[in-house]
Amino acid sequence: SLLIFGGIVGKSAQFPLMTWLPDAMEGPTPVSALLHSATMVAAGVFLFARLFPFFSHSATAMTVFLAIGTISMLLASTMAMVSRDIKQVWAYSTISHLGLITLLFGLGTPLGEVAAVFHIINHAVFKASLFMAAGIIDHESGTRDMRRLNGLFKYMPHTAVLAMVAAAAMAGVPLLNGFLSKEMFFSETLLLRWLVEIEWAWMFPALATLAGVFAVAYSLRFIHDVFFNGEPVDLPRAPHEPPRWMKVPALIQQSRPSVHPPGSP
């Protein structure tokens with residue numbers, strides 16, 4: 001179990017094999033949207049889901065899953081708070097969300113696996129939209145540096161609304177898809193507190209809440225620094241709305257309906 005999980009850790013950029021993903025952001029943004037949000041790094045946690053019945057027979061392995069998922073989730077969240085490149089912020093948030101999924105599998109609660117699979121789908125939807133928005137901003141302004149991208153809302157209002165809705169979904173704002181899987185996450189960590197009679201079981205609801213706070217914080221930081229916060233600073237190009245067909249992919253990602261996962265209450 002642990003040897004297979006080692007491969008999953010490398011594939012899904014979990015602690016301590018997490019540094020390669022932020023460095024892989026040099027490719028075109030559509031490639032990042034496909035590979036780094038929905039397919040390539042998610043393949044690791046997808047393998048985790050497929051082999052979970054096998055993994056669940058090892059108490060030692062489940063404990064390791066809990067630890068690695070928790071460390072990845074919180075450590076990457078703090079890195080997302082201080083990164084200046086938009087795509088690196090999304091890369092670290094991807095690591096954090098994949099850590100959340102790993103943690104959900106490691107909980108071993110009745111709906112933990114269901115919540116994990118549900119969040120894989122939700123993460124692919126809102127993160128692909130955010131990567132596409134980052135590409136639009138880069139294409140139309142010439143930079144992804146959040147220190148220079150200020151006040152873009154008045155230059156790119158349609159793009160700003162699309163990006164803000166996707167960021168709100170990532171933060172878990174009610175009525176958006178991220179809210180549902182985040183609620184299941186909080187519920188399952190709280191359920192573990194009552195299923196496991198150990199003194200430190202309270203830690204998981206507390207850490208889940210802290211991770212939720214970080215997700216809201218770096219989402220708000222992106223919205224504030226890029227679309228508000230004064231005027232742009234020395235941009236290579238004058239920012240403006242992109243052609244219609246550059247906005248359509250991000251719009252399609254956000255228009256997919258959110259449903260309750262099978263087996264959820």
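Predicted, not measured: the structure shown is a model, and the values here were computed from it.
- Hydrophobic clustering, with ILVMFWY side chains joined whenever heavy atoms are under 4.5 angstrom apart, keeps F186 apart from V213.
- How far OG of S93 is from CG of L100: 11.5 Å, rounded to the nearest 0.5 Å.
- Two rings, from F105 and F65, have their centers 6.0 Å or more apart.
- Considering all non-hydrogen atoms of both residues, V216 and A171 come closest at CG2-O, 3.6 Å.
- Residues A217 and M81 approach most closely at CB-SD, 3.5 Å, considering heavy atoms.
- The two residues I68 and Q14 make their nearest non-hydrogen contact at CG2-CB, 4.0 Å.
- The NE2 atom of H119 lies 11.5 Å from the CG atom of L180; values are rounded to the nearest 0.5 Å.
- Distance alone, capped at 3.5 Å, is enough to place a donor-acceptor pair between the S141 side chain and the T143 backbone.
- Counting non-hydrogen atoms of other residues, nucleotides and ligands closer than 6.0 Å to CZ of F46 gives a total of 12 or fewer.
- Using a distance-only test at 3.5 Å, with no hydrogens or angles considered, no donor-acceptor pair links the side chain of R144 to the main chain of Q88.
- At distances below 3.5 Å, not a single donor-acceptor pair connects side-chain atoms of S96 with backbone N or O atoms of Y92.
- In this structure, T102 OG1 and I71 CD1 are separated by 11.5 Å, a value rounded to the nearest 0.5 Å.
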Full working for side-chain contact (heavy atoms from CB on, under 4.5 Å) between I95 and F15: CA-CA 9 Å; I95 297 171; F15 177 85; over 6 Å; no

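- Remark: side-chain polar atoms of S72 are not paired, donor with acceptor, to backbone N or O of G69 under 3.5 angstrom.
- S129 approaches A166 most closely through the heavy-atom pair OG-CB, 3.8 Å.
- The backbone N or O of V45 lies less than 3.5 Å from a partner atom in the side chain of S12, making a donor-acceptor pair.
- L220 and L74 are not part of a single hydrophobic cluster, where members link through side-chain heavy atoms under 4.5 Å apart.
- Between R84 and D145 there is no salt bridge, since none of the side-chain N atoms of the basic residue sits less than 4.0 Å from a carboxylate O of the acidic one.
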Side-chain atoms of residues 155-162: list all donor-acceptor pairs with protein atoms under 3.5 Å, sequence neighbours left out, distances to 0.1 Å.
unit_1: Y155; atom_1: OH; unit_2: E231; atom_2: OE1; d: 2.9
unit_1: H158; atom_1: ND1; unit_2: K247; atom_2: NZ; d: 3.3
unit_1: T159; atom_1: OG1; unit_2: E241; atom_2: OE1; d: 2.9

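- Shortest non-hydrogen contact noted between A134 and K87 is CB-CG, 4.1 Å.
- Residues I121 and L103 are members of separate hydrophobic clusters, defined by side-chain heavy-atom contacts under 4.5 angstrom among Ile, Leu, Val, Met, Phe, Trp and Tyr.
- Rounding to the nearest 0.5 Å gives a distance of 5.5 Å between CG of L98 and NE2 of H123.
- If you chain together hydrophobic residues whose side chains sit under 4.5 Å apart, I8 and W20 fall into the same group.
- Applying the ring-ring contact (aromatic ring centres under 6.0 Å, His included) test to residues at least two apart or on different chains, the pairs with a partner in residues 211-238 are W90-F222, F153-F228, F222-F227.
- In this structure, the ring of F5 has its center no less than 6.0 angstrom from the ring center of F55.
- Here CG of L149 is found 6.0 Å from CG of L235. Values are rounded to the nearest 0.5 Å.
- Expressed to the nearest 0.5 Å, how far CG of N122 lies from CD1 of I101 amounts to 9.5 Å.
- Between the side chain of R237 and the backbone N or O of D138 there is at least one donor-acceptor pair closer than 3.5 Å.
- In plain terms, the two heavy atoms of A91 and L21 that are nearest each other are O-CD2, 3.8 Å.
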